[in-house]
Protein chains: 2
Amino acid sequence: MSLTQVHELNSALASPGVQSPVDAGWHRGGKLWSNLNEVCDLLRIPSGLVGTDADCLFQHVQFKAGQRIYTLGQPFEMLYIVNSGFLKTVLIDESGNEQVLSFPMKGDLFGIDGIHHRQYASEAVALSSCDVILMPFKKFTALGRTHAELETAIYSVMSRELLREQIMVSMLGSLSAEARVARFLVSLSERFAEMGYSGKQFNLRMTRHEIGSYLGLTLETVSRAFSAFNEIGLISVEQRAIGIKDLQALKTLRRLPPSRSRAKQEAANAMKRSAIGLPSASSSRGPVAVA
Amino acid sequence: MSLTQVHELNSALASPGVQSPVDAGWHRGGKLWSNLNEVCDLLRIPSGLVGTDADCLFQHVQFKAGQRIYTLGQPFEMLYIVNSGFLKTVLIDESGNEQVLSFPMKGDLFGIDGIHHRQYASEAVALSSCDVILMPFKKFTALGRTHAELETAIYSVMSRELLREQIMVSMLGSLSAEARVARFLVSLSERFAEMGYSGKQFNLRMTRHEIGSYLGLTLETVSRAFSAFNEIGLISVEQRAIGIKDLQALKTLRRLPPSRSRAKQEAANAMKRSAIGLPSASSSRGPVAVA
DNA sequence: CGGGTCTTTGATTAGGTTCAATAAGAGTGG
DNA sequence: CCACTCTTATTGAACCTAATCAAAGACCCG
């Protein structure tokens with residue numbers, strides 16, 4: 001599973017000698033490396049003060065779509081930071097079902113769940129070609145001890161992840177299917193914008209099935225939500241290509257307004273009810289229900 | 001809101017002089033204090049090595065049912081450790097709806113979500129009389145710098161919380177209402193057992209509404225699940241008093257087996273269908289479906 | 001071009017919510 | 001101590017959302 005790649009190079013990480021800068025990271029010995037400042041930038045950590053630790057480099061590793069970065073139960077040694085590309089992390093329950101937990105992308109730290117039991121509790125899989133920075137956890141915390149603001153940042157990033165999961169729990173616990181899909185699109189849009197891409201026009205890197213798993217829905221429901229949003233002009237959707245047309249409506253959407261197809265459905269139900277002598281539905285919803 | 005209690009004493013935390021040991025913690029100046037070793041024990045951290053920092057004491061504070069330990073948006077300074085009693089933490093969304101995130105009890109650390117934005121992202125409320133240890137975050141991390149195993153433990157505890165949220169997300173995303181309620185009872189049972197109480201017989205400290213909020217269900221669904229489990233002999237339930245009768249079945253439960261009331265329901269549906277000329281249902285489920 | 005995966009859409013059904021009514025406690029104050 | 005109220009819990013009935021089942025179309029890659 002290409003994991004040998006990752007492990008064969010855990011050794012010689014500390015030796016100076018920087019060379020020609022490239023994109024983000026330097027080449028050395030035919031491999032890409034980043035220093036601490038670049039890592040902090042990537043993690044959106046207010047470093048700045050960090051003295052130039054030229055002797056402190058972190059190796060990059062490339063993965064192709066479908067490859068696993070780590071697997072369930074594998075001994076924990078590293079955190080990973082996405083430099084480019086898209087991934088998913090999945091939880092695998094006792095009966096082997098996969099549940100998507102997150103879609104790490106540029107600037108995201110993942111692998112944190114391995115700290116507690118000293119082995120990963122999830123798996124990370126590349127959804128596209130990826131460039132990932134290896135961050136040996138021991139080294140990371142050691143640096144924290146000498147760089148106060150880095151230590152603060154480590155705690156902060158972990159807290160941020162916890163916050164993210166809390167928001168997720170709250171979404172799953174209280175929002176309708178359509179509202180979840182809408183918020184998913186909003187957060188993707190914002191994330192793309194942060195990364196410097198268009199937040200209005202982008203390609204999904206994951207399947208409907210993966211989105212559904214992430215949101216606690218079936219792939220059909222996700223597909224239908226996309227179609228419905230398309231129909232009422234909130235987005236345009238063609239396969240993986242998404243265009244955001246009304247971000248505000250997506251942000252505040254709670255339930256879907258009545259529409260052509262829904263009216264049709266309503267009518268059908270009404271007929272069925274009257275056929276068996278029940279009173280007609282009185283559930284006329286208001287217009288686009290928002291917060 | 002009794003928050004003055006908490007803040008009036010943020011000062012003089014460092015001065016020696018231990019007195020008569022009581023339960024967990026010492027009295028000094030009419031207040032309860034704990035040293036680092038007691039705190040580590042409480043958190044289930046393998047300390048041991050920690051030198052006796054007699055000069056390092058942590059104050060306890062008492063809360064009565066209904067009192068808030070911290071509120072949304074309040075500046076973050078402290079983590080809290082439950083010494084006794086029961087609490088809930090709730091997320092409050094844009095429209096003011098509460099969502100229960102956790103039920104901290106003895107040995108649990110809470111307040112972590114405040115680290116990132118330097119203000120609490122949730123609220124913590126006492127469900128019963130509580131004794132809570134104040135853990136100034138600055139002091140905690142400073143101690144981590146000098147006690148390696150404590151630093152490790154801090155990261156570990158944060159990772160554990162993240163793990164807990166992941167399990168929660170997975171539950172909400174993939175389990176039926178009854179399975180969620182069953183697992184909730186199992187985890188409560190295990191938690192009570194860990195704390196030295198009976199895992200077979202206990203009183204719920206939270207309402208059906210709070211349980212429902214925690215599990216992403218309505219209070220009626222929770223109540224019905226309890227009744228159903230009672231009916232088939234998995235538990236006994238009378239108001240808040242729960243007796244666990246078949247832990248294993250609760251652990252592996254996925255859906256509920258057909259029962260008296262369910263058969264009745266089935267029959268009713270069948271009648272309704274035949275009345276409008278639809279084919280009869282063919283959904284005979286197997287016996288108690290387990291993993 | 002053909003076989004795979006991914007997506008869309010329709011029809012039906014099941015699981016959970018909602019609404020409503022009742023009951024059971026827990027305080028509170030006369 | 002008892003009535004009164006407020007919160008909490010139980011249960012039933014109707015309804016509705018999202019899952020399931022099914023079929024067909026689109027896309028990709030060898």
Side-chain angles (χ1 to χ4, degrees), chain A residues 65-66 127 172-181 203-213 215-231 237-242 254-256 258 261-262 264-266 268-270 272-273 276-283 285, chain B residues 65-66 127 172-181 203-213 215-228 230-231 237-242 254-256 258 260-262 264-266 268-270 272-273 276 278-285:
Chain A
L127 295 177
L172 293 175
S174 66
L175 293 187
S176 72
E178 280 139 358
R180 290 183 217 177
V181 175
N203 286 308
L204 298 174
R205 303 306 171 22
M206 62 293 283
T207 68
R208 305 288 192 262
H209 180 76
E210 287 162 340
I211 297 172
S213 171
L215 298 176
L217 303 169
T218 60
L219 66 99
E220 292 97 329
T221 301
V222 174
S223 177
R224 274 186 249 269
F226 283 164
S227 299
F229 295 163
N230 185 37
E231 217 177 333
V237 54
E238 179 145 352
Q239 300 292 126
R240 303 278 181 104
I242 299 284
R254 303 241 135 178
R255 0 170 40 129
L256 218 54
S261 55
R262 299 217 149 201
K264 205 167 55 184
Q265 176 79 319
E266 275 292 306
N269 289 343
K272 222 155 64 175
R273 271 193 298 275
I276 54 173
L278 288 172
S280 71
S282 60
S283 69
R285 279 191 285 279
Chain B
L127 294 177
L172 292 175
S174 67
L175 293 188
S176 73
E178 280 139 359
R180 291 183 216 177
V181 175
N203 286 305
L204 299 173
R205 305 303 158 66
M206 62 293 281
T207 67
R208 305 288 193 263
H209 180 76
E210 286 162 340
I211 297 171
S213 171
L215 298 175
L217 302 170
T218 60
L219 65 97
E220 292 96 329
T221 301
V222 174
S223 178
R224 275 187 249 270
F226 283 164
S227 298
N230 185 36
E231 220 178 331
V237 52
E238 179 146 354
Q239 301 291 126
R240 303 278 181 101
I242 299 284
R254 304 240 136 174
R255 3 172 36 132
L256 217 54
R260 277 187 294 287
S261 57
R262 299 217 148 200
K264 205 168 57 185
Q265 176 82 315
E266 274 293 305
N269 289 343
K272 220 155 70 178
R273 271 192 299 276
I276 55 175
L278 288 171
S280 71
S282 60
S283 69
S284 59
R285 279 191 286 279

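Predicted, not measured: the structure shown is a model, and the values here were computed from it. Throughout, a chain's letter reflects where its sequence line sits, starting with A, and its residues are numbered from 1.
Contact annotation for B:Gly216: backbone-only contact, meaning every heavy-atom pair under 4.0 Å involves sugar-phosphate atoms and none involves a base. Using a 4.0 Å heavy-atom distance criterion, A:Leu219 is classed as a base contact.
In terms of modelled atom types and a separation under 3.5 Å, the side chain of B:Arg180 and the main chain of B:Leu215 share a donor-acceptor contact.
To the nearest angstrom, P of D:dT10 lies 8 Å from CD1 of B:Ile242. Spacing between atom CD of A:Glu210 and atom C1' of C:dC6 amounts to 11 Å, rounded to whole angstrom units. Here C:dT7 presents its C1' atom at 14 Å from CG of A:Asn230, a figure rounded to the nearest Å. Whole-Å rounding puts the B:Glu178 CD to C:dT17 P distance at 11 Å. One can place CD1 of B:Ile211 at 14 Å from C1' of D:dT10, the figure rounded to the nearest angstrom. In this structure, CE of B:Met206 is placed 11 Å from P of D:dA9, rounded to the nearest angstrom. At whole-Å resolution of the value, CZ in B:Arg254 and C1' in C:dA14 are 18 Å apart. In this structure, CG of B:Leu127 is placed 17 Å from P of D:dT7, rounded to the nearest angstrom.
Closest approach of B:Arg208 to B:Gln239, counting heavy atoms only: NH2-O, 2.8 Å.
The phosphate of C:dG25 (OP1 or OP2) has no side-chain N or O of B:Arg240 nearer than 4.0 angstrom. Considering only side-chain N and O atoms, A:Arg208 lies nowhere under 4.0 angstrom from the phosphate OP1 or OP2 of C:dC6. Side-chain nitrogen and oxygen atoms of B:Thr207 include none within less than 4.0 Å of the OP1 or OP2 phosphate oxygen of D:dT7.
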Between side-chain atoms of residues 218-228 of chain A and protein atoms elsewhere (two or more places apart, or another chain), which donor-acceptor pairs fall under 3.5 Å?
unit_1	atom_1	unit_2	atom_2	d
A:Thr218	OG1	A:Thr221	N	3.3
A:Thr218	OG1	A:Thr221	OG1	3.0
A:Ser227	OG	A:Ser223	O	3.1

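Note on the helix from C:dC1-D:dG30 to C:dG30-D:dC1: angle between the axes of the first and last five pairs equals 40°, rounded to 10 degrees.
In this structure, A:Leu217 CG and A:Glu178 CD are separated by 9.5 Å, a value rounded to the nearest 0.5 Å.
With A:Ile242 as the fixed residue, the side-chain contact (heavy atoms from CB on, under 4.5 Å) test singles out one of A:Leu204, A:Asn230, A:Asn203: A:Leu204.
Side-chain atoms of A:Ser223 lie closest to C:dT7 of the nucleotides D:dT11, C:dG16, C:dT7.
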Practice problem: Take nucleotides 20-30 of chain D nucleotide by nucleotide from the 5' end and write B, S or -, depending on whether a protein heavy atom sits under 4.0 Å from the base, only from the sugar-phosphate, or from neither. | Solution: BB-----S---

